[in-house]
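Accompanying notes for the structure given below.
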Amino acid sequence: MSNIKLETLNAVTAAQLDAIGADAAAAVKTLDTASGAGNDFLGWTDLPERTDSKLLDEINDVARELRNTCDTVVCIGIGGSYLGAKFVIESLSGNFAAMEPGRIGAPKVIFAGQNISEDYLFELSALLRNRRFGIIVISKSGTTTEPAIAFRILKEQLEQQEGRETAAQRIVAITDAKRGALRTLATREGYRTFVIEDNVGGRFSVLTPVGLLPIAVAGFNISALVNGARDMHARCSAGDDIAATYAAARNILYRNGKKIEILVNYCPKLHFLGEWWKQLYGESEGKDGKGIFPASVDFSTDLHSMGQMIQQGERTIFETVVSVDNVEHNLVIPEDKDDLDGLNYIAGKHVDYVNKMAEKGTLMAHLDGGVPNLRIELPRISENVLGQLIYFFERACGISGYMLGVNPFNQPGVEDYKRNMFTLLEKPGYGPAK
């Protein structure tokens, strides 16, 4: 059962929601009937229901094999091919998991192919030199520059360290069903493979093997994640469509001059939620001269850097706060007889209580400062709750894009930098640089 809450607070009024209701209803109908632009990329909408136990078992089996043979697994991909998995793994892991040594049975999942930094790849290669590592490579075509470079380098290293036969057993390709360079290589080398469905775009792919396999390798419950998405889908389909409410509220604010949305969290584990969310909304809505610019902050940390701008800067922003109701651990602030730091007034209170008061106080200050706030409350951070949140944001994104009047499922502008880069690199088929 879905138990995420959405509060619109002072951001929009009931009258405003009623006034935009017809537009929201039309966008919901366009999405649900697959009658709008980009309707060939709507495979994610019923994906939770279509993901059966057989596929989840297969993913878990492959993940178990990688855990049994590797102390490190490198997930190679860019954009939606890594951000969703990164977000879920970071959210469910301990805050200092990166400092703990990898071990057989609990491998480190690290990421490559999301940049073209020579230092990053050199240092990663050096790190892997004395490790038993495996590779999950994610690319529909197999020719996307950033992941293709990383895969070429790390594949060669793995083959040199372990031999070609063992390397092939430790490489899993998630790619197109029938065509593309990676599919050809996987077939030739005998890699285990999972399919990226043609009708699921990269930024909507976290609940496919693209996200599920790395998450399973990291040791988390992918069945609970998918069940959470099912719960949210069922809730929205049954009439409590909080995704449509969120989309409507965002568009009301946009039409009233609020051009920037800041996703706020008060839990460090949710940092990569903001990174995943920024791609989802930025790539879906930023086109045709339109779009709400997505930004993110980690509070209370960024209150000491961005807080001044948010409090008193140009009034073109609104905030969406993701709040976590229950923490995992208990820690009480101790009494100190000298009280030099002046904290005895909160001695005996839980740290999370102070964090919640910081959240409440900031909310009050920003509302007083003219910053509209929406609030999403999570009961806790778990696989089920994150599955709910993923589907909530994905559905809201499709609805919001249609309300904006754009195709939420293409990204034509992404190709512009590639054409220029290929020309400068003198790639065959591209003209000389001007």
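The shown structure was predicted, so the numbers you read here are calculated from the model rather than taken from an experiment.
For the pair E162 and R132, the salt-bridge criterion is not met [side-chain N within less than 4.0 Å of a carboxylate O]. Taking a cutoff of 4.0 Å between a charged side-chain nitrogen and a carboxylate oxygen, E377 and R375 qualify as a salt bridge. Under the 4.0 Å criterion applied to side-chain N and carboxylate O atoms, E159 and K155 are assigned as salt-bridge partners. Salt-bridge formation is not detected for the pair E90/K269: no Lys NZ or Arg NE/NH1/NH2 atom is positioned less than 4.0 Å from an Asp or Glu carboxylate oxygen. The pair K290-E285 does not meet the salt-bridge criterion, since no charged nitrogen lies less than 4.0 angstrom from a carboxylate oxygen. Taking a cutoff of 4.0 Å between a charged side-chain nitrogen and a carboxylate oxygen, D241 and R395 qualify as a salt bridge. Using a 4.0 Å cut-off between charged side-chain N and carboxylate O, D198 and K140 make a salt bridge. A salt bridge does not link K356 to E359: none of the charged nitrogens lies less than 4.0 Å from a carboxylate oxygen. A salt bridge between K54 and D57 is absent, with no side-chain N of the basic residue lying under 4.0 Å from a carboxylate O of the acidic one.
Side-chain contact check for E383 and N227: no donor-acceptor pair (N or O, by modelled atom type) lies under 3.5 Å.
The backbone N or O of G163 lies less than 3.5 Å from no partner atom in the side chain of T166, so there is not a single donor-acceptor pair. Listed for the N251 side chain is a donor-acceptor partner under 3.5 Å among the backbone atoms of A247. In this structure, D352 contributes its side chain and N355 its backbone to no donor-acceptor pair below 3.5 Å. For the pair R50 (side chain) and G43 (backbone), a donor-acceptor distance under 3.5 Å is present. In this structure a side-chain-to-backbone donor-acceptor pair under 3.5 Å is missing from S141 to G180. Judged by distance alone, with hydrogens and angles left aside, the side-chain atoms of T45 form a donor-acceptor pair with the main-chain N or O of L42 at under 3.5 Å. Panel note: side chain K287, backbone E283; a donor-acceptor pair is recorded below 3.5 Å.
Y254 carries K259 over the face of its six-membered ring, with the cationic atom under 6.0 Å from the centre and within 45° of the normal.
Within 6.0 Å of atom OH in Y120, more than 12 heavy atoms from other residues, nucleotides or ligands are found, so the atom counts as buried in its surroundings. Enclosure of atom CZ in R315 by more than 12 non-hydrogen atoms of other residues, nucleotides or ligands within 6.0 angstrom is indicated. In the displayed structure, R164 atom CZ is contacted under 6.0 Å by at most 12 heavy atoms of other residues, nucleotides or ligands. Surrounding CE of M309 are at most 12 heavy atoms belonging to other residues, nucleotides or ligands under 6.0 Å away.
Residues I252 and F318 form no side-chain contact, since every pair of their non-hydrogen atoms from C-beta on lies 4.5 Å or further apart. L374 is not listed as a side-chain neighbour of E7, based on a closest heavy-atom distance of 4.5 Å or more. When side chains are defined from C-beta on, V172 counts as touching F194, because their heavy atoms get closer than 4.5 Å.
In this structure, F204 has its ring center no closer than 6.0 Å to that of F41. The six-membered or imidazole ring of W277 lies near that of Y281, with a centre-to-centre distance under 6.0 Å.
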Worksheet item: Checking side chain to side chain donor-acceptor pair (under 3.5 Å) for the pair Q411/R203: CA distance, chi angles, key distance, verdict?
Response: CA-CA 11 Å; Q411 53 280 337; R203 58 188 177 275; 2.5 Å; yes
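Of the candidates L212, L92, T51, L212 is the only one forming a side chain to side chain contact (heavy atoms under 4.5 Å, CB included) with L225.
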